[in-house]
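These notes are about the structure you will find just below.
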Amino acid sequence: MLGLFRSKPLLDEGSTEWLFNAYAWALRNFGSEAFHQDTILVTPTDRHFPDKSLDTAEERISAAFGRVSAYAGMQGWPCELAALAPGTNPVPPPAISSATPRGPQGTVSIEGEKQSIPIAFDPAMIGKPHVLIAAFAQQLAYHLGRAIEEGAPGGEELRGPASDLLAVFMGFGLFLANSALTVCRGGCSGCGTSVQTLGYLTEDEFVYALAIFCVLKNIENAEVEPHLKKTLRPFFRMAVKEINKTRADDI
């Protein structure tokens, strides 16, 4: 009878287990000490992105990527921005043979003729800087995940969700959660209303992953919620509460 009054888990059991397993994978391979000591919660504020006054879109995009790579601890990686022309697809990623994944001394070796890692972006994203930063973080996370021997949790077919999780793990959870669903009033293509998605995780999974990050880092809700969409704040609070109550031993 008492079971009737127990609250329902926020996510299905499989999704929650995968998120915790993915965090364990990330901590094993990219350094628990570096995560706890050096990784920060990056916020969509002038504190972390003080480059709005730069003259050109190209300068603002380059400055944004430079800050994203530094916060990710991947500033030593040989990345090169590549603007996508309309209708084109990103260049296939180079093969990374070895790496010291993160931190100021992080380096990589690239197989074949490619001497840099292309980071593709849509120039139109300059009008949506939060989405641009989220996309940069996702691409860096994808390459970071490929730089280690241990495969992504769930195998290669879950490489995309693992990259999303790594982007949150690197500190960009606010950007990923806020950009996971974008409703375009009047239609992004000119008529009606459309919804654009970013990434492989669902919006709820992004918010839950952000909550795990904040519990691990002992970040108070009050530091997070002002930068999170209002519609996501109740779920975030419930996720933090659920993690502290039922999953404390797992983290």
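In this text the structure is predicted, and so the values were computed from the model without any measurement.
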Taking side chain to side chain donor-acceptor pair (under 3.5 Å) as the test, write out the residues that go with Ser32, two or more places apart. none
Can you tell me how the ring of Phe30 sits relative to the ring of Phe169, calling it parallel under 30°, perpendicular over 60° and tilted otherwise? tilted
Which word best sums up how the rings of Tyr71 and His48 line up, parallel for under 30°, tilted for 30 to 60°, or perpendicular for over 60°? perpendicular
Check [X] against [Y] and note the closest heavy-atom contact, atom names and distance.
X      : Y      : value
Ala152 : Ala162 : CB-CB, 3.7 Å
Leu174 : Pro44  : CD1-CD, 4.2 Å
Ala180 : Glu203 : CB-CA, 3.9 Å
Tyr208 : Glu242 : OH-OE2, 2.7 Å
Glu205 : Leu19  : O-CD1, 4.1 Å
Ala167 : Ala141 : N-CB, 3.5 Å

Value rounded to 0.5 Å, distance of [atom1] in [X] from [atom2] in [Y]:
X      : Y      : atom1 : atom2 : value
Met125 : His130 : CE    : NE2   : 13.5 Å
Tyr200 : Asp164 : OH    : CG    : 8.0 Å
Leu210 : Leu41  : CG    : CG    : 6.5 Å
Ile61  : Ile126 : CD1   : CD1   : 4.5 Å
Glu59  : Asp51  : CD    : CG    : 10.0 Å
Thr43  : Glu223 : OG1   : CD    : 10.5 Å

CZ/Phe235: more than 12 non-hydrogen atoms of other groups inside 6.0 Å: yes
Around Glu150, counting heavy atoms of other residues, nucleotides and ligands shown, do more than 12 lie under 6.0 Å from its CD? yes
Side chain to side chain contact (heavy atoms under 4.5 Å, CB included) assessment of Ile148 paired with Trp25: CA-CA 11 Å; Ile148 58 171; Trp25 166 74; 3.7 Å; yes
Are [X] and [Y] close enough that some pair of their side-chain heavy atoms sits under 4.5 Å apart?
X      : Y      : answer
Val207 : Leu10  : no
Phe35  : Lys217 : yes
Pro153 : Leu165 : no
Phe213 : Thr39  : yes

Main-chain N/O of [Y] paired to [X] side chain as donor or acceptor, under 3.5 Å:
X      : Y      : result
Asn178 : His227 : yes
Ser62  : Glu58  : no
Tyr23  : Ala209 : yes
Arg237 : Glu225 : no
Ser69  : Gly66  : yes

Assess the residue pair Tyr142 and Arg159 against the criterion (side chain to side chain contact (heavy atoms under 4.5 Å, CB included)); give the C-alpha distance rounded to whole Å, side-chain angles, the decisive distance to 0.1 Å, and a yes or no. CA-CA 8 Å; Tyr142 173 80; Arg159 171 72 67 184; 3.6 Å; yes
Is there a continuous path of hydrophobic side-chain contacts, each under 4.5 Å between heavy atoms, that joins Ile40 to Leu216? yes
Does NZ or CZ of Lys229 come closer than 6.0 Å to the centre of the six-membered ring of Phe236, within 45° of the ring's axis? no
Is there a side chain to side chain contact (heavy atoms under 4.5 Å, CB included) between Ile133 and Val42? Walk through the geometry before answering. CA-CA 10 Å; Ile133 290 165; Val42 185; 5.9 Å; no
